[in-house]
> 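Questions regarding the structure given below will be posed in turn.
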Amino acid sequence: MPQENMDLEDLEGIGPKTAQLLKSKGVLSVRHLALFNPEELIELTDMTPDRVEKILRSARDIVFGSNRVSRATDLAKNFEGITRLKTNVRAIDELLQGGLEPKAIYEFAGEFGTGKTQLCHQLSVTVQLGQDKGGVGGAAVYLDTEEAFSPNRIINIAQRFDLDPNEALDNIYVIKVVNAADLEDRIKFDVVKLVEQANVKLIVVDSIIALYRAEFKGRERLAERQQRLNYILDWLMRIAKVYNVYVVLTNQVLDVPMGYIEVKRPAGGNVLAHAVTHRLFLRKSKEDIKVMEVLDSPRLPFKASAMFRITDKGVEDV
Ligand code: GTP
Ligand code: MG
C-alpha cells in the first residue's frame with residue numbers, strides 16, 4: 001500500500017483516540033488529512049492549534065515527501081508522461097493538445113445551449129474507456145447544481161463508444177447540490193471518498209456559478225460570494241493535485257459593455273479567472289455548429305479554436 005494511503009493511526013503524533021475523532025468527522029486517510037489547512041481542522045475537531053500544526057506537518061511529509069524540491073528537468077519529464085483524458089472529438093482534443101491534463105481545472109463557459117452540459121456527459125463516459133481508447137479507466141462524479149444530468153444521454157454516448165450502458169451509468173456518481181455550504185461539504189468529504197474508494201478520476205461541477213449567483217444576491221454580498229467561491233475552487237485544486245484527477249467546471253456568461261457593444265464574458269470575476277487553469281469559451285456558430293475557443297491558459301494558444309456539433313450520440317466533430 002502506498003504510504004499516503006496509510007491509516008490515520010499509523011501517522012506519527014496520532015493515537016487511537018485522535019484517529020477515532022478524525023474518522024468520526026469524515027477524515028478518511030492520511031492523504032485526505034493532508035488536504036486540510038490548520039484553521040479548517042481546528043474548526044472540524046476542536047483540537048488545539050499546536051496539535052493540529054504537528055499532525056498536519058507529518059501528514060504533508062508523508063503525502064508530498066519531506067523533500068519538496070525538484071529539478072525543473074524532472075518536472076518537465078513528469079509532464080510529458082501524463083495521461084490525457086480525451087473527449088474523443090478530434091478537433092477538441094487537438095485544441096487541448098491531446099486531451100485534458102490531470103491536476104488542473106478546466107472551465108467550459110458559454111451561454112445556454114452551447115454544449116457545456118453535453119461535454120460534461122461525454123467526458124463522464126470517455127473517462128471510463130481504456131487508455132488505448134482515450135480514457136483512463138476510471139469513474140466520474142457529477143456534481144449537479146442545475147438538474148442537468150441526464151441518464152438517457154449517458155446511455156446514448158456509452159453505446160457510441162461500445163460501453164455497456166448500464167455499466168457506464170454505474171460508474172457515474174451523481175450528487176445533487178442545493179447550496180454553497182452543501183457543495184463545500186460534498187466536495188470536502190463525499191467527493192474525496194469516491195476518489196479514494198470508487199476509482200473516481202473525473203470531477204464535474206455543472207455549473208459552478210449558479211448556486212452562488214442565486215444565494216449571494218446583490219452587490220453588498222459580492223465580496224462574501226467571491227470568498228466562498230474561491231474557497232471551493234481551492235479545495236477542488238487541492239484534490240486534483242493530491243489525487244491526480246481531472247476537474248471540469250461549467251460556467252455561465254455575463255454581457256459586459258465594451259464601448260457601444262456588449263460582449264459575453266464568463267461569470268465569477270477575477271476569482272474564477274485565477275482559479276481555473278484552462279478557460280474555454282463556447283459559442284454558437286452558423287447552423288448547428290458550435291465553437292470552443294481558448295480564452296486563457298498557461299499552455300494552450302490564446303484564441304485557438306475548434307468546431308463541434310451536438311447530435312443524438314453526444315458531442316461530435318463537424
Ligand atoms: P445551459 O446549461 O442551459 O447553460 O446550456 P449548456 O451549454 O449546458 O447546453 P447543453 O450542453 O445542454 O447543450 C444543449 C444543446 O444540446 C441543445 O442545442 C440541444 O438541442 C442539444 N441536445 C441535447 N440533447 C440532445 C439529444 O439527445 N440529441 C440531439 N441531437 N441534441 C441534443
Ligand atoms: Mg448545462
Side-chain angles (χ1 to χ4, degrees), residues 84-101 104-127 134-135 140 142 144-146 148-150 153-154 156-157 160-161 202-210 213 246-270 272-318:
R84 290 185 179 264
L85 167 59
K86 291 190 177 358
T87 60
N88 281 344
V89 180
R90 197 186 36 78
I92 294 178
D93 292 336
E94 267 172 26
L95 180 72
L96 302 181
Q97 301 187 339
L100 277 64
E101 59 184 83
I105 299 179
Y106 285 80
E107 174 196 26
F108 298 137
E111 63 176 326
F112 68 94
T114 48
K116 305 181 293 291
T117 295
Q118 302 306 312
L119 272 162
C120 292
H121 279 65
Q122 185 134 328
L123 285 164
S124 301
V125 174
T126 59
V127 71
Y142 202 109
D144 187 6
T145 71
E146 297 184 333
F149 184 78
S150 158
R153 289 301 276 158
I154 297 296
N156 293 340
I157 298 169
R160 162 175 164 201
F161 293 113
L202 170 69
I203 302 170
V204 172
V205 186
D206 185 19
S207 81
I208 188 72
I209 200 72
R213 269 183 158 177
Y246 305 81
V247 179
V248 170
L249 314 175
T250 69
N251 190 12
Q252 301 168 339
V253 290
L254 300 170
D255 289 318
V256 181
M258 285 262 274
Y260 294 109
I261 56 161
E262 286 194 327
V263 290
K264 298 199 185 304
R265 288 277 175 264
N270 286 335
L272 204 52
H274 288 298
V276 303
T277 323
H278 303 286
R279 296 206 110 168
L280 287 321
F281 193 84
L282 308 187
R283 59 184 163 79
K284 298 171 191 169
S285 181
K286 58 179 189 296
E287 288 156 24
D288 63 340
I289 294 176
K290 316 260 191 284
V291 178
M292 178 188 284
E293 187 176 272
V294 177
L295 200 58
D296 193 13
S297 162
R299 287 177 277 285
L300 309 176
F302 178 58
K303 290 271 185 194
S305 64
M307 290 195 284
F308 64 94
R309 63 162 50 109
I310 298 161
T311 71
D312 291 346
K313 294 186 209 152
V315 186
E316 293 198 272
D317 276 290
V318 172

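Atoms considered below: every heavy atom in the structure, side chains included; atoms not considered: hydrogens, waters and symmetry mates.
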> What orientation do Phe149 and His121 show, parallel under 30°, tilted 30 to 60°, or perpendicular over 60°?
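The rings of Phe149 and His121 lie parallel, inter-plane angle below 30°.
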> Are any of the side-chain heavy atoms of Cys120 and Thr250 separated by less than 4.5 Å?
yes
> Is the backbone of Asp144 close enough, under 3.5 Å, to the side chain of Asp206 for a donor and an acceptor to pair up by distance?
no
> Please report the shortest heavy-atom distance between Ile310 and Gly115, naming the atom on each side.
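Smallest interatomic distance, heavy atoms only, reads CD1-CA, 3.5 Å.
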> Nearest 0.5 Å, please: how far is CG in Asp296 from CD in Glu107?
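Interatomic distance, Glu107 CD to Asp296 CG, rounded to 0.5 Å: 9.5 Å.
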> With distance as the sole test, does Thr126 use its side chain to make a donor-acceptor pair with the main-chain N or O of Lys86 at under 3.5 Å?
yes
> Any chance you could measure Asn156, atom CG, to Thr311, atom OG1, to the nearest 0.5 Å?
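It comes to 9.0 Å.
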> Short question: side chain of Ser207, backbone of Asn251 - any donor-acceptor pair under 3.5 Å?
no
> Would Thr87 and Gln122 count as a side chain to side chain donor-acceptor pair (under 3.5 Å) if you check the C-alpha gap in whole Å, the side-chain angles of each, and the deciding distance to 0.1 Å?
CA-CA 7 Å; Thr87 60; Gln122 185 134 328; 5.4 Å; no
> Which heavy atom of Ala140 sits nearest a heavy atom of Val127, and at what distance?
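So the two residues come closest at CB-CG1, 4.1 Å.
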> Minimum heavy-atom separation for Val125 and Phe161, please, with both atom names.
CG1-CD1, 4.2 Å
> So how far is it from Leu85 CG to Leu96 CG, rounded to the nearest 0.5 Å?
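Spacing of CG (Leu85) from CG (Leu96) equals 9.5 Å.
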> To the nearest 0.5 Å, how far apart are NE2 in His278 and CD in Gln97?
8.5 Å
> Minimum heavy-atom separation for Tyr106 to Arg84, with atom names?
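Shortest heavy-atom contact: OH-NH1, 4.5 Å.
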> Check whether any side-chain heavy atom of Leu123 lies under 4.5 Å from a side-chain heavy atom of Val204, and answer yes or no.
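Answer no - side chains too far apart.
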> Can you check side chain to side chain contact (heavy atoms under 4.5 Å, CB included) on Leu272 and Ile208, steps first, answer last?
CA-CA 10 Å; Leu272 204 52; Ile208 188 72; 4.1 Å; yes
> Arg265 side chain to Val256 main-chain N or O, any donor-acceptor pair under 3.5 Å?
no
> Might you point out which heavy atoms bring Arg213 and Ala267 nearest each other, and give the distance in Å?
NH2-CB, 3.9 Å
> Where do Lys290 and Leu119 land on the side chain to side chain contact (heavy atoms under 4.5 Å, CB included) test, with the steps shown first?
CA-CA 12 Å; Lys290 316 260 191 284; Leu119 272 162; over 6 Å; no
> Can you find a pair of side-chain heavy atoms, one from Val248 and one from Ile203, that are under 4.5 Å apart?
no
> Please report the interatomic distance CD(Glu111) to CZ(Arg283), rounded to the nearest 0.5 Å.
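Between Glu111 CD and Arg283 CZ, I get 11.0 Å after rounding to 0.5 Å.
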> Indicate the atoms forming the closest heavy-atom contact of Lys116 with Phe108, along with that distance.
CD-O, 3.5 Å
> How many angstroms lie between CG in Leu100 and OG1 in Thr277, if you round to the nearest 0.5 Å?
10.0 Å
> With respect to Phe281, which candidate in Thr114, Val253, Val294 satisfies the side-chain contact (heavy atoms from CB on, under 4.5 Å) definition?
Val253
> Report the C-alpha separation of Lys264 and Leu254 in whole Å, then their side-chain angles, then the decisive distance to 0.1 Å, and conclude whether the side chain to side chain contact (heavy atoms under 4.5 Å, CB included) test is met.
CA-CA 5 Å; Lys264 298 199 185 304; Leu254 300 170; over 6 Å; no
> When you check the gap from the basic side-chain N to the acidic O, do Asp288 and Arg309 get nearer than 4.0 Å?
yes
